[in-house]
Amino acid sequence: MSGLTIMDPLEPHAWRHGTVVAGTLWKNPVGTASGTFNLDACGGYYDVSQMGAISTKGVSPVPWEGNPTPRTAESPAGMVNSVGLQNPGVDHYLVDELPRLKALGANVITNVAGHSDEDYATVVERLADSPADMLEINVSCPNVSHGGMSVGTDAKALNRLITRLRALTDKPMVVKLTPNVTDIVEVARAAVDGGADALSLINTLVGMRIDINTGRPILAQGTGGVSGPCILPIALSFVWRVRQALPEVPIIGIGGIDSGLTALEFLYAGANAVEVGAAALVDPVAPMRVARELDDLLDERPELADLLEKGECWR
Amino acid sequence: MKPNLFISTSRVEEQAQEAGRLPGRRTAQVTGMEPLDRQVWRMIIRDPYLAAHAPAGAFINLYSADRMTMMPRPFGISRVLEGEQIEIIFAVVGQGTYEFSRLQPDMAVDLLGPLGHGFDLEKPAHYLLVGGGLGVPPLIRAAQCLQGQSGVRTTALLGYRDHRFADAIMGSLTDRLESIDNASGDVITLLDRVRGDIDPGRTIILTCGPLPMMRAVAAWARKAGLPAQCCMESRMGCGYGTCVACVVDTVDGRLKVCKDGPVFAADRLIWNTDEDKKETR
């Protein structure tokens with residue numbers, strides 16, 4: 001946090017640097033990343049309407065019980081998780097979390113989870129007339145209809161899925177990409193060609209830890225997804241590459257952001273907005289603090305804001 | 001060691017209360033640190049908010065000053081002490097706890113809390129505080145909260161691997177204390193020993209310790225017809241209800257240990273023997 005004054009993330013604030021993602025206005029370019037925001041847990045710590053956007057926990061067609069425990073392990077400068085998208089399902093979401101988030105004035109990105117194309121389609125259809133502001137299609141969970149592989153790793157399958165979902169909704173649709181691929185540009189293009197309005201990247205990287213007392217993996221599932229500051233340089237390079245290949249597509253950058261400075265790196269790399277994930281698990285107020293730090297940073301140093309405005313940093 | 005650059009305690013609390021919100025992560029002052037046993041430490045921290053809001057069974061997150069070990073470590077609050085201080089008791093089990101054990105008075109540590117849903121101590125009753133090893137600290141806080149309450153009697157039944165490091169503190173807060181080490185038996189031995197002194201209609205068991213111990217205590221309570229409240233331990237992520245890492249199966253569904261618990265009524269928990277074995281491996 002060097003060079004920054006420490007501000008009060010809870011004090012009322014007039015945002016000066018907003019952003020637009022696929023036609024949706026964000027009052028600042030910082031959102032919460034899916035899986036690291038829960039209204040009952042986080043709503044007590046800050047005013048959720050003051051975030052650029054709230055990306056919810058993945059919503060599946062029916063309640064999911066998630067994976068066995070232990071579901072979490074530490075990584076150097078990060079964590080590994082295998083929660084398995086435990087969530088109470090879309091019916092519960094529509095009558096509970098979504099109306100409450102909207103009543104509080106939040107800009108809501110509903111994260112959509114599925115095990116199959118059918119699952120995704122069911123949820124997207126159920127959300128088509130909901131007050132959700134954007135949909136974020138999480139295509140990096142294991143997909144039973146594609147031989148156990150994540151649909152996000154297969155450009156053809158991804159294109160087919162997004163094409164199908166596009167026909168079901170007029171809402172701005174963000175596709176959240178997995179970094180566990182050989183060529184991120186190929187899958188990014190497949191999503192956009194299928195009708196994605198924006199891309200968010202990156203989801204977690206596959207990783208694991210081993211308990212040295214037993215020689216066995218710490219996570220019950222063996223492997224999980226790595227997040228936190230340790231993945232920041234990797235995430236940045238993915239955003240940079242996709243931005244260069246697809247100059248016009250709105251991008252939400254995600255991966256290890258825990259300060260206004262690291263958020264700005266993503267904006268320079270070509271992101272239109274960012275989401276804060278693992279940092280929120282270490283400090284509940286982190287997403288709001290990042291938003292305030294970025295807003296103040298761009299004010300205190302207008303030359304940085306100018307650089308961004310030119311939109312050429314990533315070229 | 002340099003403390004993390006978060007807002008100082010007093011400001012976080014002030015702001016949060018003004019905004020009607022929970023105080024977030026903050027930096028507090030370590031005011032005491034002493035060994036209770038080999039690799040077991042007692043740490044005292046000054047934090048006015050915690051000292052005023054520390055239900056029995058609640059815990060705090062401590063954060064390392066080293067971002068390489070950034071995930072929180074949860075610790076049950078063992079006592080509230082004069083001078084707006086709280087106490088925790090912990091063992092060195094890894095890098096994070098080793099680092100905390102090296103903190104000295106006047107050094108700073110980042111924390112969050114109080115967290116979790118604690119013991120229900122509303123009823124006047126005879127409370128049996130059944131603890132194992134490092135599960136004892138939340139029961140010490142329960143004893144402190146129950147001390148001097150009318151119609152309440154407390155009996156602590158503590159099991160240790162070897163050294164009885166918490167007996168002195170617990171003994172000063174309870175009407176009766178029995179303890180045992182692994183060589184002589186376990187908490188079930190102690191429960192059997194006090195059985196004659198129990199009035200089933202007026203006795204409540206509070207328990208905290210390793211999972212197999214709590215499962216045995218819950219089974220004993222069921223047979224004896226006593227209500228029991230279990231303070232669960234789990235490998236946590238965030239510790240405040242967001243990440244859904246630390247779940248436990250209950251008759252009400254799969255619940256979060258950190259936010260729905262850590263205290264659950266024994267008869268709501270689904271005790272899975274295979275899972276228990278895996279957790280304690």
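In the text below, chain A, chain B and the rest are named by the order of the sequence lines, each starting its count at 1.
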Practice problem: Find the one option among Val285(A), Asn87(A), Asn213(A), Thr36(A) whose heavy-atom pairs under 4.5 Å with chain B are most numerous. | Solution: Thr36(A)
Quiz item: What pairs with Asp249(B) under salt bridge (charged side-chain N to carboxylate O under 4.0 Å, His left out), at least two apart in sequence or on another chain?
Solution: Arg254(B)
Quiz item: What about the rings of Phe75(B) and Phe59(B), do their centers lie closer together than 6.0 Å?
Solution: no
Self-check item: Carboxylate-amine/guanidinium proximity below 4.0 Å for Asp252(B) and Arg268(B)
Solution: yes
Quiz prompt | Counterpart residues, side chain to side chain donor-acceptor pair (under 3.5 Å), relative to Arg100(A) (two or more places apart) | solution = Asp40(A), Asp96(A)
Quiz prompt | Residue Gln95(B) excluded, over 12 heavy atoms near CD under 6.0 Å | solution = no
Quiz prompt | Residue Ile218(A) versus chain B: region with a heavy atom under 4.5 Å | solution = side chain
Exercise. For chain B, find which of Ala280(A), Gly228(A), Ala286(A) contributes the most heavy-atom pairs closer than 4.5 angstrom.
Key: Ala280(A)
Quiz item: Do NZ/NE/NH1/NH2 and the carboxylate oxygens of Asp211(A) and Arg216(A) come within less than 4.0 Å?
Solution: no
Quiz item: Given that the side chain runs from C-beta out, which part of Asn67(A) has a heavy atom under 4.5 Å from chain B: side chain, backbone, both or neither?
Solution: backbone
Exercise. Under 4.5 Å heavy-atom distance to chain B, tell me which part of Tyr45(A) shows up: side chain, backbone, both or neither.
Key: both
Quiz prompt | Heavy-atom pair count under 4.5 Å with chain A, highest-scoring of Gly237(B), Cys243(B), Pro72(B) | solution = Cys243(B)
Quiz item: Roughly how far, to the nearest 0.5 Å, is the CG atom of Asn111(A) from the OG1 atom of Thr56(A)?
Solution: 5.5 Å
Quiz item: Does Ser234(B) use its side chain to pair, donor to acceptor, with the backbone of Met236(B) at less than 3.5 Å?
Solution: no
Quiz item: Between Ala279(A) and chain B, which part of the residue has a heavy atom less than 4.5 Å away: side chain, backbone, both or neither?
Solution: neither
Quiz item: With only heavy atoms counted, which part of Ser82(A) is less than 4.5 Å from chain B, the side chain, the backbone, both or neither?
Solution: neither
Practice problem: Please determine, among Gly35(A), Gly78(A), Pro229(A), the option with the most heavy-atom pairs under 4.5 Å with chain B. | Solution: Gly78(A)
Practice problem: Could you tell me which portion of Leu111(B) (side chain, backbone, both or neither) has an atom closer than 4.5 angstrom to a non-hydrogen atom of chain A? | Solution: neither
Quiz item: Who wins among Pro76(A), Ala278(A), Cys230(A) for the most heavy-atom pairs under 4.5 Å with chain B?
Solution: Pro76(A)
Exercise. Could you check which of Thr72(A), Asp258(A), Asn81(A) has the highest count of heavy-atom pairs closer than 4.5 Å to chain B?
Key: Thr72(A)
